[in-house]
There are 2 protein chains.
Amino acid sequence: MKVKLTKNQQLVLDALTRAETPQTAYNLLDELREEGLRAPPQIYRALDKLLELELVHRLESLNAFVICAHDHHDQGFSAFSICEACGKVSEFSPQEVAGLLQGWAAKNNFVAKSTTIELRGHCIRCD
Amino acid sequence: MKVKLTKNQQLVLDALTRAETPQTAYNLLDELREEGLRAPPQIYRALDKLLELELVHRLESLNAFVICAHDHHDQGFSAFSICEACGKVSEFSPQEVAGLLQGWAAKNNFVAKSTTIELRGHCIRCD
DNA sequence: ACGAATTGTGTTATGTTATTACATATGCTA
DNA sequence: TAGCATATGTAATAACATAACACAATTCGT
């Protein structure tokens, strides 16, 4: 399951690893211009691959991307809290929530391929 | 709590009521051109108001809008399943999920102002 | 009924996010 | 080493969203 990343993929992954907060594709493009990246598709293509490998996550409510925080992979399920003041994101893996949503889906004849859970609000430091 | 909608707000609400599937702002603009709407701000302003009144919901993973399905208002919490084949959306209100997420937030010193839950997948008819 | 304040409208322009299309390059594998 | 799949670079464009400004309609207090 080990995969060797290409140069652009590694550049984008590193940029997201350095970032304290979610980055948009255009943030990343600006950040990586000096590394030779010039156009949006270079960023989006790298992001697509990293998303597929689940090394990064997309935050739908921000149109932005974050590095995957930990080894939730087995659980295939992440939720995020997003502080609207400082921008910091926490990733967590609420198994019971997954179960409940799965239960709803089963009852309602829906097959979920992916689930987005994002809490917007304030962390304690920003209250 | 009864509010009289303005002409543009009513036009947008009606268009979303007629729609079987989520509509983007530009879909709505096209739909409502013959009613005299010409520019994006007219749509977005109406949508902002309707969102504030919770008569419509925004689907973050689609950048699109749906009519609010029922009286979840008291519960202040909605989740959505989105069929990627037919586009149909179901809205539901998983109270226990709300409780679990609230519990996580409390433990982690996070104050959630709003929560997005969206399941992407296939409904039974599209399997 | 009046004027002030608030809310909504119409419009142009622009900002932001994402994709299409196509030509070239790189690396794997038979 | 030829062929194929994957990745790259680039320009152009599509799709989603907001800023700014002038004016109109509505609401509210007196």
Side-chain angles (χ1 to χ4, degrees), chain A residues 1-16 19 21-53 55-66 82 84 87 89 114 116 118 120, chain B residues 1-16 19 21-53 55-66 82 84 87 89 114 116 118 120:
Chain A
M1 197 54 210
K2 186 75 182 300
V3 179
K4 177 139 193 305
L5 298 179
T6 66
K7 171 169 146 282
N8 289 359
Q9 290 158 13
Q10 192 64 55
L11 285 169
V12 169
L13 185 64
D14 290 347
L16 282 174
T21 54
Q23 301 294 300
T24 68
Y26 282 78
N27 290 160
L28 292 166
L29 179 54
D30 285 345
E31 173 81 15
L32 294 174
R33 244 178 244 287
E34 50 190 24
E35 314 290 341
L37 298 214
R38 290 158 208 284
Q42 296 175 288
I43 304 295
Y44 282 106
R45 288 192 288 229
L47 285 170
D48 284 347
K49 189 60 169 186
L50 296 171
L51 287 167
E52 184 190 322
L53 297 172
L55 298 175
V56 312
H57 297 289
R58 177 185 169 83
L59 298 176
E60 299 290 353
S61 65
L62 295 180
N63 295 329
F65 303 85
V66 286
I82 303 167
E84 292 179 332
V89 169
S114 72
T116 297
E118 298 176 15
R120 310 280 307 254
Chain B
M1 198 54 210
K2 187 75 182 300
V3 179
K4 179 143 193 304
L5 297 179
T6 66
K7 171 169 146 282
N8 288 0
Q9 290 160 12
Q10 192 65 54
L11 284 169
V12 169
L13 184 64
D14 290 347
L16 282 174
T21 55
Q23 300 295 300
T24 68
Y26 282 76
N27 290 161
L28 293 167
L29 180 54
D30 285 346
E31 173 79 17
L32 295 174
R33 244 178 245 285
E34 49 191 24
E35 314 291 340
L37 297 213
R38 292 159 207 284
Q42 298 176 287
I43 304 295
Y44 281 106
R45 289 193 287 229
L47 285 170
D48 285 346
K49 188 61 170 186
L50 295 170
L51 287 168
E52 183 189 323
L53 297 172
L55 297 176
V56 313
H57 296 288
R58 176 185 170 84
L59 298 175
E60 299 290 353
S61 65
L62 255 28
N63 296 329
F65 303 85
V66 286
I82 302 166
E84 292 180 334
V89 168
S114 72
T116 298
E118 298 176 15
R120 312 279 307 252

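Per chain, numbering begins at 1; letters A, B, ... match sequence-line order.
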Would you list the atom pairs, donor with acceptor, under 3.5 Å between side chains in residues 27-34 of chain A and any protein atom, with sequence neighbours excluded?
residue  : atom : partner  : partner atom : Å
Asn27(A) : OD1  : Thr24(A) : N            : 2.9
Asn27(A) : OD1  : Thr24(A) : OG1          : 3.3
Asn27(A) : ND2  : Thr24(A) : OG1          : 3.3
Asp30(A) : OD1  : Arg33(A) : NH2          : 3.4
Glu31(A) : OE2  : Arg18(A) : NH2          : 3.3

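Mapping Asn63(B) and Thr6(B) onto DNA chain C by nearest heavy atom places Thr6(B) closer to the 5' end of the strand. The residue among Asn8(B) and Tyr26(A) whose nearest nucleotide of DNA chain C is located toward the 5' end is Asn8(B).
In this structure Ser114(A) satisfies the side-chain hydrogen bond (donor to acceptor under 3.5 Å, both in side chains) test with no other residue, sequence neighbours excluded. In this structure, the side-chain hydrogen bond (donor to acceptor under 3.5 Å, both in side chains) partners of Asn63(A), at least two apart in sequence or on a different chain, are Arg58(A). Looking at residues two or more places apart in sequence or on another chain, you find no side-chain hydrogen bond (donor to acceptor under 3.5 Å, both in side chains) involving Gln42(A).
Taking a heavy-atom distance under 4.0 Å as the criterion, the stretch of DNA chain D touched by chain A extends 5' to 3' from dA7(D) to dA11(D). Close approach of DNA chain C to chain B, defined as any atom under 4.0 Å from a non-hydrogen atom of the protein, starts and stops at dG8(C) to dT12(C).
For the segment residues 35-48 of chain B, the set of residues with a heavy atom within less than 4.0 Å of an atom of DNA chain D comprises Pro40(B), Pro41(B), Tyr44(B), Arg45(B), in numerical order.
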Worked verdict on Leu50(B) versus Leu5(B) for side chain to side chain contact (heavy atoms under 4.5 Å, CB included): CA-CA 9 Å; Leu50(B) 295 170; Leu5(B) 297 179; 4.0 Å; yes

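Residues Leu16(A) and Val66(A) form no side-chain contact, since every pair of their non-hydrogen atoms from C-beta on lies 4.5 Å or further apart. At least one side-chain heavy atom of Glu118(A) sits less than 4.5 Å from a side-chain heavy atom of Thr116(A). Contact annotation: the side chain of Pro22(B) never approaches that of Phe65(B) to less than 4.5 Å [non-hydrogen atoms, C-beta and beyond]. Inter-residue side-chain proximity for Val89(A) and Thr21(A) is flagged as unmet; no heavy-atom pair is nearer than 4.5 Å.
To the nearest 0.5 Å, the span separating CG on Leu59(B) from CD on Gln23(B) amounts to 11.0 Å.
Of all heavy-atom pairs spanning Ala25(B) and Leu47(B), the tightest one is CB-CD1, 4.2 Å.
The overall bend of the helix from dA1(C)-dT30(D) to dA30(C)-dT1(D), read as the angle between its terminal helix axes built from five base pairs each, is 40° when rounded to 10 degrees.
The salt bridge (charged side-chain N to carboxylate O under 4.0 Å, His left out) analysis of residues 35-50 of chain B, with sequence neighbours excluded, yields the pairs Lys49(B)-Glu52(B).
Glu84(A) places no side-chain N or O within donor-acceptor distance of the main-chain N or O of Ile82(A), the cut-off being under 3.5 Å.
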